[in-house]
Amino acid sequence: MELDFGPAVRDFRDEVRDWLADHLVGEFAANRGVGGPTDGAAWEVRLAWDRELSAGGWLGVGWPQEYGGRGLGLLEEIVFEYEYARVNAPYRATVNALDLLGPMLLKMGSEAQKKRFLPPILAVEELWGQGFSEPGAGSDLASVRTRAERDGDEWVVSGQKVWTSFGIHADWVYVLTRTDPQSVRHKGLSLLLVPTDQPGVEIRPIRNLAGQDEFAEIFLSDARTGADMVVGEVGQGWRTAMATLGIERGTTLLPQQLTFEREAEALIDLARERGGLDDPMLRRRIVDAWISVRIMRTTNLRTIAELTAGRTPGAQATTAKLYASTRHQQLGQLATELAGPAGQIVGEDYALDRRQRSFLLSLAETIYGGSSEIQRNIIGEQVLGLPKEPRP
């Protein structure tokens, strides 16, 4: 995939390319494409790579200069993400703070919070985890039961969070909690910033199908944080949380889309090796997989074009996550079938090859970031105007 974003950013594009060519070498080059939003592989290498990016001024390209960013525009951000994905650089270890928390603080945080937290994020000095989902509140975040009570100059937080990506590495977590004990559903929620290095916080790793422990559950037992650690207004946490989850998928899905294209190309090569293209039924499934990644590309480009033109993204942005996650699972399933018995054999100590790891991790893609069932409800109600799903 090769895109030209026009003469206005050509010099910037060349600067990005030159820097990546000079610095994506050695151990970093040996780990091209490693990791993902739920893949903790080669963590220390990826963390070192993030520090290399930080030293070069490539983290927070669009963040204001007073907080350590470059202060550039959306188009430059998109160009950087595209060039980064094009060379298949390691997946950033600090993506949670860079793609979610940071933009949320820029939009809704106080000036003191921005000055305190944004520079350490860009310097890779503090790592963050997200404390949204709970055992009884996954996609339905309005059901959260974690509570926080005001005690003088502090909040006291108790509850349980689960499925926190890279939570075992987090120095801080941003926690959606109920600060009004009489409230129900969306009302009375607040978003708090809570340090993990204290007696009231216990973080336990959760191992996934791929044998990794990038997910974690967090137990909060009278954990404390400052009264000024509320992002946005007290009781308006739902609006703050939606600002976090509402980061436009046109840019955040771009690196994944390029990864899926590479996997589709590898699938075609594998089919040629195994004679799969001679089977008309199998050939049809392979062509369908190739078409699906081209649709993802078109969807992303439409969304990017709307964003750069200052328009609100259309319906395709709402469907992008649902389509990408379901089609990626089908792509992985087909690759596993084509590999035959070799696709089911693991290495020593359950070592997985890249194809096996991608397929197993893809099984969670229809759950995290909003389950497919919830996504279909959103599309039906907000895009198609269908009646809301009845509640029991």
Side-chain angles (χ1 to χ4, degrees), residues 96-97 100-114 116-117 128-165 167 170-204 216-247 368-371 373-374 377-378 381-382 388-392:
N96 200 320
L100 295 175
L101 175 70
M104 178 190 69
L105 288 178
L106 286 169
K107 184 176 182 179
M108 308 192 73
S110 67
E111 186 59 29
Q113 290 169 350
K114 295 175 187 178
R116 164 61 183 86
F117 294 112
W128 285 81
Q130 185 185 83
F132 280 11
S133 296
E134 298 182 4
S139 296
D140 184 17
L141 283 179
S143 299
V144 297
R145 302 195 318 194
T146 296
R147 298 185 178 276
E149 298 180 0
R150 185 70 177 267
D151 181 18
D153 293 333
E154 293 182 316
W155 290 98
V156 182
V157 189
S158 295
Q160 180 184 354
K161 297 295 180 177
V162 73
W163 308 124
T164 300
S165 298
D171 302 299
W172 287 77
V173 289
Y174 50 107
V175 180
L176 187 62
T177 180
R178 197 166 294 281
T179 48
D180 180 356
Q182 304 303 319
S183 65
V184 295
R185 301 295 297 166
H186 308 85
K187 299 179 179 180
L189 298 172
S190 300
L191 196 140
L192 304 180
L193 309 178
V194 181
T196 60
D197 186 15
Q198 58 171 304
V201 179
E202 180 184 1
I203 301 177
R204 301 178 187 172
E217 53 184 342
I218 301 176
F219 296 87
L220 303 163
S221 304
D222 293 335
R224 291 180 174 267
T225 193
D228 58 345
M229 290 293 105
V230 179
V231 181
E233 301 177 25
V234 175
Q236 297 297 317
W238 183 257
R239 183 172 62 182
T240 307
M242 291 305 100
T244 307
L245 297 177
I247 304 299
Y368 67 71
S371 69
E373 292 78 9
I374 296 297
N377 283 349
I378 292 172
E381 296 170 12
Q382 298 183 13
K388 290 188 175 183
E389 183 180 29
R391 291 190 176 277

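As the structure is a prediction and not an experimental result, all values here were calculated from the model. Keep in mind that the numbers below use all heavy atoms, side chains included, and drop hydrogens, waters and symmetry copies. Numbers for residues simply follow the sequence, beginning at 1.
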>> Show the nearest heavy-atom pair for residues L192 and A148, with the distance to one decimal.
In response: CD1-CB, 3.6 Å
>> According to ring pair (Phe, Tyr, Trp, His ring centres under 6.0 Å), who are the partners of W128, at least two apart in sequence or on a separate chain?
In response: F117, W172
>> Please enumerate all residues that pass side chain to side chain donor-acceptor pair (under 3.5 Å) together with E233, with sequence neighbours excluded.
In response: none
> If you round to the nearest 0.5 Å, how far is OG1 of T177 from CH2 of W155?
Replying inline: 8.5 Å
> If only atom types and distance count, is the side chain of S158 paired as donor or acceptor with the main-chain N or O of D222 below 3.5 Å?
Replying inline: yes
> Any donor-acceptor pair under 3.5 Å linking the side chain of K187 with the backbone of Q182?
Replying inline: no
> Quick one: are Q130 and L176 in side-chain contact, heavy atoms under 4.5 Å?
Replying inline: no
> Would a distance-only check, ignoring hydrogens and angles, find a side-chain to backbone donor-acceptor pair under 3.5 Å from S133 to W163?
Replying inline: no
>> Quick one: does any side-chain atom of S221 pair with a main-chain N or O of G200 as donor and acceptor, under 3.5 Å?
In response: no
> Minimum heavy-atom separation for G167 to A216, with atom names?
Replying inline: CA-CB, 4.0 Å
> What pairs of residues pass the salt bridge (Lys or Arg N to Asp or Glu O under 4.0 Å) test when at least one of them lies in residues 142-152, not counting sequence neighbours?
Replying inline: D151-R224
> If you look at every heavy atom in N96 and S165, which pair is closest and at what distance?
Replying inline: ND2-O, 4.1 Å
>> Quick check for you: to the nearest 0.5 Å, what is the distance between K388 atom NZ and N377 atom CG?
In response: 11.0 Å
> For the atom pair CG (D171) and CG (D197), what is the distance rounded to the nearest 0.5 Å?
Replying inline: 8.0 Å
> Can you name the nearest heavy-atom pair linking A223 to V201, along with the distance?
Replying inline: CB-CG2, 3.8 Å
> Any donor and acceptor pair, going by atom type alone, linking the side chain of T164 with main-chain N or O of E217 inside 3.5 Å?
Replying inline: no
> Will you find, in the side chains of E134 and T146, an N or O donor that is under 3.5 Å from an N or O acceptor?
Replying inline: yes
> Side chains of T240 and M104: does their closest heavy-atom pair fall under 4.5 Å?
Replying inline: yes
> Okay, side chain of T225, backbone of L193: is any donor-acceptor separation there less than 3.5 Å?
Replying inline: yes
> Is the closest side-chain heavy-atom distance between K161 and P135 below 4.5 Å?
Replying inline: no
> Is V230 close to L191 at the side-chain level, that is, under 4.5 Å between some pair of heavy atoms?
Replying inline: no
> For A97 and P103, which heavy atoms make the closest approach, and how far apart are they?
Replying inline: O-CD, 4.0 Å
> With a 4.5 Å heavy-atom cut-off, do L105 and Y174 have their side chains touching?
Replying inline: no
